[in-house]
Amino acid sequence: MNNNSTDRFQQKKVLIVNLHSAQNLGDLAILEQTTKLLHIKYPESDFVLMSTYPTSWRNQTRNICVPSLSEILKSENLIGFSIINFINLVIRIVVIKSFTIRSTYNKKLNQLISTIANSDIVYSAGGGNFYTNSRLGIDFIINCLTIIIAGKLGKPIIMLPQSFGPVQTRWQKKLLKKTISYVDLVYARENLSYDFLINIGVSKRKIKILPDLALSIENDVSKKVYKEPLTIGLSIIDRHAQNKMFTRQNDYENAIIRFVEQLVKQRNAKFILIVQCDGPTSDQNDIIVSEKILSKLSFEDDHVKLAKGIRDLNEFSKIVNELDVLISTRMHTGIIGLVNRVPTILIGYQPKAEGLFHLLDLDEYHIAIDNVTSEFLLNRFNKILENYATYVKKIEMRISKISSEIKKEILNPR
């Protein structure tokens, strides 16, 4: 991608698409860093956020928030909107020439297309948008269609750091490859995503590896040392509610319960159950599963507390910064832990988690959710305590380097 030296001094209309919900503090962390860096790159520019849940963002930003293609279809009821009309829309966007996109049979779609047409540059929001657990993958299709519309309207497009894959079918791979054919630059946030894109036929010239933007969050962190009694953070999800093919939810929860009980008994440890995401749908509401775990832990005092209703990134970081160790299933709770120099064990439910910890040279502190046991958690927890200063020094060095790389690349892409 050619870098114009005057680019950062030009006022632009910047559109960020494929945002989900600010009820996920991970998405909020990514967007805060995105807008912070892009405001430096494009000072005095206008920013528009296109989101599935625009109302959630209006409480968190001064930028204009508009409905995404996903929100439009859902608000009009995808089935009521009719599958025939939806298929027609897909064909019009993917197959037919660009000038036909500008006029549709739907007022809201016309407004969405006008928003894209009036932008100067389009960024696809960082995060895990381009994967699917199903053979249909409606959200996956819609995210792809949004990029294709921008491409057919001739907009410069940059896909900010995110994970790609897995997908379930050959046609999904073809759709993603076609989507990226319209994109100027794609940032894969770890090697597994990079390899996935290469395997589906995306040109290496379009892809760069750049870690998750939340890793560039700056915090005033004092030197980290642990003290007894330990304060340990936990983030827990209901993976079965998100993906019915996952059948080990009870095993996963029981492993966490046994781990907590052992450390309360052995070390008088204190735990904080951290809710990163409380919606917008019940399968994404970590309060439900966290309260379930809490109800099964029958301690007479305050050894285990629930941290919910966290309002913003500052409060999120403040809670995490008080921890001695973090065991996280939500990847971005783990990232907030790492930028606060908190030694972290990551329980991964998608390849993005494995890829992140490989990038950070922390492979031994990652475990797939399918394989998690209380024995593994206790073993790695003890290893952290034995090597606490080394772990803290490693993440200090890696995070500092990655943060510099992110800022340099976003502000001055080579």
Side-chain angles (χ1 to χ4, degrees), residues 12-72 74-75 112 115 119 121-129 139 143 146 158-162 189 212-220 235 237 274-287 290 307-321 328 330-337 339-340 403 406-407 410:
K12 288 183 178 290
K13 293 179 180 178
V14 180
L15 175 62
I16 302 175
V17 301
N18 291 335
L19 280 165
H20 188 54
S21 169
Q23 286 183 257
N24 186 323
L25 293 168
D27 290 350
L28 183 61
I30 294 173
L31 183 71
E32 284 199 11
Q33 288 306 104
T34 299
T35 54
K36 180 179 179 181
L37 293 171
L38 293 183
H39 272 295
I40 296 172
K41 186 176 179 67
Y42 308 117
E44 306 302 323
S45 292
D46 297 320
F47 285 73
V48 176
L49 311 181
M50 189 173 282
S51 165
T52 308
Y53 296 92
T55 303
S56 70
W57 294 102
R58 289 177 188 137
N59 298 325
Q60 297 287 352
T61 179
R62 296 179 180 178
N63 297 308
I64 297 169
C65 303
V66 300
S68 66
L69 179 58
S70 176
E71 197 278 339
I72 289 170
K74 288 176 180 177
S75 68
L112 176 140
T115 299
S119 66
I121 186 166
V122 175
Y123 284 87
S124 182
N129 297 311
D139 290 333
N143 288 332
T146 302
I158 296 174
M159 300 182 82
L160 293 170
Q162 57 197 286
R189 61 183 172 185
D212 191 288
L213 294 190
L215 288 164
S216 65
I217 292 172
E218 295 179 355
N219 287 317
D220 184 15
S235 84
I237 67 169
I274 300 171
V275 175
Q276 174 189 308
C277 187
D278 60 7
T281 55
S282 60
D283 61 312
Q284 295 293 327
N285 188 348
D286 299 343
I287 295 176
S290 297
K308 61 181 180 179
I310 301 171
R311 293 167 294 182
D312 53 39
L313 190 56
N314 287 335
E315 186 178 350
F316 192 21
S317 291
K318 184 177 180 181
I319 291 169
V320 172
N321 191 39
S328 182
R330 287 282 183 187
M331 190 178 83
H332 280 94
T333 300
I335 287 176
I336 298 302
V339 298
N340 281 282
S403 180
I406 289 171
K407 293 170 186 174
I410 297 297

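Counting begins at 1 with the first residue of the sequence. Hydrogens, waters and symmetry mates play no part in the numbers below; they use all other heavy atoms, side chains included.
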Please list, chain by chain and in numerical order, all residues satisfying ring-ring contact (aromatic ring centres under 6.0 Å, His included) with Phe47, sequence neighbours excluded. His39
side-chain contact (heavy atoms from CB on, under 4.5 Å) between Lys36 and Glu218, intermediate numbers included: CA-CA 11 Å; Lys36 180 179 179 181; Glu218 295 179 355; 4.3 Å; yes
Tell me the closest heavy-atom pair linking Ala22 and Gln60, and the distance in Å. CB-CG, 4.0 Å
As a quick check of understanding, evaluate side-chain contact (heavy atoms from CB on, under 4.5 Å) for Arg311 and Phe316, giving each step before the final call. CA-CA 8 Å; Arg311 293 167 294 182; Phe316 192 21; over 6 Å; no
Any ion pair linking Asp286 and Arg330 (charged N to carboxylate O, less than 4.0 Å)? yes
Taking the side chain as every heavy atom from C-beta outward, state whether Asp139 and Ser70 have any pair of such atoms under 4.5 Å apart. yes
Any residue meeting side-chain hydrogen bond (donor to acceptor under 3.5 Å, both in side chains) with Glu32, in chain and number order, not counting sequence neighbours: none
Is Ile274 close to Ile310 at the side-chain level, that is, under 4.5 Å between some pair of heavy atoms? yes
In a table with atom names and distances, give each donor-acceptor pair under 3.5 Å that connects a side chain of residues 14-21 to protein atoms at least two apart or in another chain.
residue	atom	partner	partner atom	Å
Asn18	ND2	Ser124	OG	3.4
Asn18	ND2	Asn143	O	3.4
Ser21	OG	Gln23	N	3.0

Give me the atom names and distance for the closest heavy-atom approach of Ala29 to Ile217. CB-CD1, 4.1 Å
Do Ser328 and Ser235 meet the criterion of a side-chain donor-acceptor pair at a distance under 3.5 Å? yes
Please evaluate residues Tyr42 and Leu37 with respect to the criterion side-chain contact (heavy atoms from CB on, under 4.5 Å), reporting the C-alpha separation (whole Å), side-chain torsions for both, the decisive distance (0.1 Å), and the verdict. CA-CA 9 Å; Tyr42 308 117; Leu37 293 171; over 6 Å; no
Between SG on residue Cys277 and CD1 on residue Ile237, distance to nearest 0.5 Å: 10.0 Å
Determine whether Leu28 and Leu31 make a side-chain contact, defined as any pair of heavy atoms from C-beta on separated by less than 4.5 Å. no
Distance check, rounded to the nearest 0.5 Å: Ile410 atom CD1 versus Leu38 atom CG? 7.0 Å
If you apply the rule side-chain contact (heavy atoms from CB on, under 4.5 Å), what do you find for Ser317 with Asn340, and how did you get there? CA-CA 7 Å; Ser317 291; Asn340 281 282; 3.9 Å; yes
Without hydrogens or angle criteria, can the side chains of Ser216 and Gln33 be said to hold a donor-acceptor pair below 3.5 Å? yes
Rounded to the nearest 0.5 Å, what separation is found between the CD atom of Gln276 and the OG1 atom of Thr333? 3.5 Å
Minimum heavy-atom separation for Val66 to Thr115, with atom names? CG2-CG2, 4.4 Å
Enter the distance from Leu69:CG to Thr146:OG1 here, rounded to the nearest 0.5 Å. 4.5 Å
Salt-bridge present (Arg189, Asp212; N to O < 4.0 Å): yes
If I take atom CG from residue Leu160 and atom OH from residue Tyr123, how far apart are they, to the nearest 0.5 angstrom? 7.0 Å
For Ile64, look at atom CD1 and say whether over 12 heavy atoms of other residues, nucleotides or ligands are found less than 6.0 Å away. no
Would you find more than 12 non-hydrogen atoms of other residues, nucleotides or ligands less than 6.0 Å from Lys407 atom NZ? yes
If we ignore hydrogens and angles and just use 3.5 Å, is the side chain of Thr61 paired with the main-chain N or O of Trp57 as donor and acceptor? no
Under the 3.5 angstrom rule, does the side chain of Ser68 hit a backbone N or O of Glu71 as a donor-acceptor pair? yes
Measuring only between side-chain heavy atoms, which start at C-beta, is Thr55 closer than 4.5 Å to Tyr53? no
All heavy atoms of Val122 vs all of Ser119, minimum pair found to be CG2-OG, 3.6 Å
Going from CG on Asn285 to NZ on Lys308, what distance comes out if it is rounded to the nearest 0.5 angstrom? 9.5 Å
Checking Gln284 side chain against Pro280 main chain: does a donor-acceptor pair fall under 3.5 Å? no
Side chains of Leu25 and Ile336 in contact at under 4.5 Å (non-hydrogen atoms): no
Determine whether Pro67 and Leu112 make a side-chain contact, defined as any pair of heavy atoms from C-beta on separated by less than 4.5 Å. no
Using a 4.5 Å cut-off on heavy atoms from C-beta on, say whether the side chain of Asn321 contacts that of Lys318. no
